[in-house]
Amino acid sequence: MRWHPMIIKWCLYMRNKSRKAYDTLRNTGFIALPSTRTLFDYSHILPSKTGFEDSILEHLIKEAQELGMYSEPHKSFVGILQDEVKVSQGLVYDKKTGELVGFVDLDSTSNELMKLENILNDSKPGLATNMLVIMVRGISSSLKYPIACFPTKGITADFLYPILWETVESLEYDCNLKPVFITCDGAAANRKFFALHKSPTCTSGDDCFWTWNPFSMPKRKMFFISDVPHLLKTARNCFSNSYSHNQKRKLWKDGRDISWAHILRLYEENIENNLYCQANKITRSHIDLTPFSKMKVNYAAQIFSETVASSLELMYGDSVLETVHFIRHMNKFFDCLNTRNLKESARKRNDNLKPYCDIDDPRFEYLTKDFLGYFSEWKTSVNNRNGDYSKSEKDNMQLSHQTLSGLHISVNSIVECSKFLLSEGVEFILTSHYNQDPLEEEFSHLRHKGGSNDNPTVYDIKNNLSQMRVIGSTALAPIHSNITKHRKAGGLPIDCRPIAKKPRFSKLRV
């Protein structure tokens with residue numbers, strides 16, 4: 001039987017989720033499905049190796065060609081997403097290659113440095129505890145392709161530097177794609193990676209948010225972005241610790257407190273036991289945060305919403321004025337940097353969700369002047385506060401310096417990068433393409449593959465990544481996860497492109 005490419009991808013996805021469920025579905029005879037041997041020929045067309053591979057780069061070029069990314073110059077602009085996923089520490093024997101998989105394995109230069117360090121310290125090679133995954137994200141296309149993975153023991157900036165710039169070089173020279181930004185979360189290694197590119201003329205307080213791309217022709221900037229959903233969560237975490245939870249912070253601005261107690265009071269007096277309330281999405285899970293609920297972007301976005309700000313203003317007036325201002329600024333910031341499609345703004349009647357089509361869009365000015373200016377005024381207000389306060393006490397009256405630095409880096413980078421892309425011929429910009437949601441989806445699929453065992457090994461991840469490259473966008477986005485994406489009501493787009501298949505038999509030699 002000849003199978004449609006969408007059926008093959010769907011079956012690969014189903015079997016990737018649960019082999020037993022797929023075999024049971026096929027054996028019932030209710031629906032004809034490809035055999036396991038047939039799926040094997042499609043899922044193993046690409047090598048399952050760590051690091052950069054020429055065959056994977058060739059597959060990326062084919063994906064880009066089929067998406068029309070070489071038809072016009074502006075369509076070849078892409079971004080780089082990188083993050084680490086936790087893996088189970090241990091060794092697995094690969095019967096195909098005869099290798100033990102599970103050791104730390106970075107690029108060739110980094111591996112030699114680690115060998116030298118082990119010799120000097122008389123230590124053994126370390127076992128990997130994390131897997132660094134690098135993904136290429138299209139700006140004017142739907143490309144989401146994991147290009148490489150590296151077993152690490154917690155990546156550091158000095159090892160991250162050559163890996164990311166080798167990625168840029170491969171995309172520029174081998175794939176003829178033009179990377180313009182690198183997105184990552186606010187981990188210490190990533191912040192230090194940004195700082196490594198700081199110009200000698202910069203002062204110690206300046207945040208480095210771009211550098212020149214040495215592999216581009218003509219010369220082009222490379223922008224650094226701290227993931228916006230992560231920033232929203234860290235800002236909410238600072239807010240939740242203000243006069244509540246661990247009470248490490250006492251946020252204050254212009255003579256008024258910015259307190260989580262205001263949110264708690266609103267919930268207990270006006271939301272919890274009322275049949276009707278304006279902020280009806282707020283639940284006890286939003287208020288009493290746990291380590292798991294702190295990972296949910298939805299919880300942070302619903303706290304920093306216009307409905308919560310309006311409810312506080314209506315119920316408690318001037319006593320919560322600065323809390324209301326803070327929530328409204330964070331709400332508009334997230335709306336401006338989370339535009340996801342062309343029609344969402346009309347459906348939700350929110351102009352902040354419109355795509356960016358003009359270099360002179362007023363939201364650019366709001367982000368760089370009003371939003372960042374708000375935090376500058378906050379810092380000035382704290383520094384000028386009367387009283388004998390130490391430096392640490394004044395620091396605790398504001399958001400954490402990591403969050404403030406990330407906000408400055410992301411806003412400046414996204415604004416300048418968007419203006420550059422619009423000037424290069426891109427018709428519109430959806431700012432959600434700057435965040436890490438596709439990479440978080442990939443991690444969710446990798447964890448779900450193991451069933452109840454959501455802590456995969458290095459061997460599992462490198463094999464599953466090769467299959468996910470074949471499945472592509474046919475894999476359904478998870479609903480219950482720490483990302484903001486929702487499944488489209490119209491279902492998956494039909495993709496009729498043929499899929500490469502591994503030859504069943506080798507040719508006979510004469």
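What you are looking at is a predicted structure, and each value in this text was computed from that prediction instead of being measured.
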Short side-chain to backbone donor-acceptor contact, [X] and [Y], under 3.5 Å:
X      : Y      : answer
Ser293 : Leu289 : no
Thr431 : Cys336 : yes
Ser141 : Met69  : no
Ser418 : Ile414 : yes
Asn412 : His408 : yes
Gln89  : Ala128 : no
Glu393 : Ser390 : yes
Lys233 : Met295 : yes
Arg236 : Lys294 : yes
Thr234 : Leu231 : yes

**Request:** May I have the step-by-step check of salt bridge (Lys or Arg N to Asp or Glu O under 4.0 Å) for Glu313 and Arg328, ending in yes or no?
**Result:** CA-CA 11 Å; Glu313 188 175 37; Arg328 281 182 171 153; 2.8 Å; yes
Report yes or no: do [X] and [Y] form a side-chain donor-acceptor pair below 3.5 Å?
X      : Y      : value
Asp254 : Ser381 : yes
Ser432 : Asn435 : no
Tyr316 : Asn270 : yes
His329 : Tyr366 : yes
Asp257 : Ser259 : no
Thr307 : Ser310 : no
Asn190 : Gln82  : yes

**Message:** Please verify the inter-ring angle class for Tyr161 with His197; under 30° counts as parallel, over 60° as perpendicular, anything in between as tilted.
**Reply:** parallel
**Request:** Quick one: sort the Trp378 and Phe375 rings into parallel, tilted or perpendicular, breaks at 30° and 60°.
**Result:** parallel
Suppose we call two aromatic rings close when their centres sit under 6.0 Å apart. Are [X] and [Y] close by that rule?
X      : Y      : answer
Phe420 : Phe223 : no
Phe224 : Phe193 : yes
Phe181 : Trp210 : no
Phe159 : Phe150 : no

For the pair [X] and [Y], find out whether any cationic side-chain nitrogen is under 4.0 Å from an anionic carboxylate oxygen.
X      : Y      : value
Asp335 : Lys332 : no
Arg19  : Asp23  : no
Glu416 : Lys221 : yes

Using a cut-off of 6.0 Å, state whether more than 12 heavy atoms not belonging to [X] lie near its atom [atom1].
X      : atom1 : value
Glu365 : CD    : no
Arg349 : CZ    : no
Lys394 : NZ    : yes
Lys354 : NZ    : no

**Message:** I'd like to check the ring-ring contact (aromatic ring centres under 6.0 Å, His included) partners of His286; sequence neighbours left out, ordered by chain and number.
**Reply:** Tyr299
**Request:** Run through Leu421, Leu430, Thr339 and flag the one making a side-chain contact (heavy atoms from CB on, under 4.5 Å) with Tyr356.
**Result:** Thr339
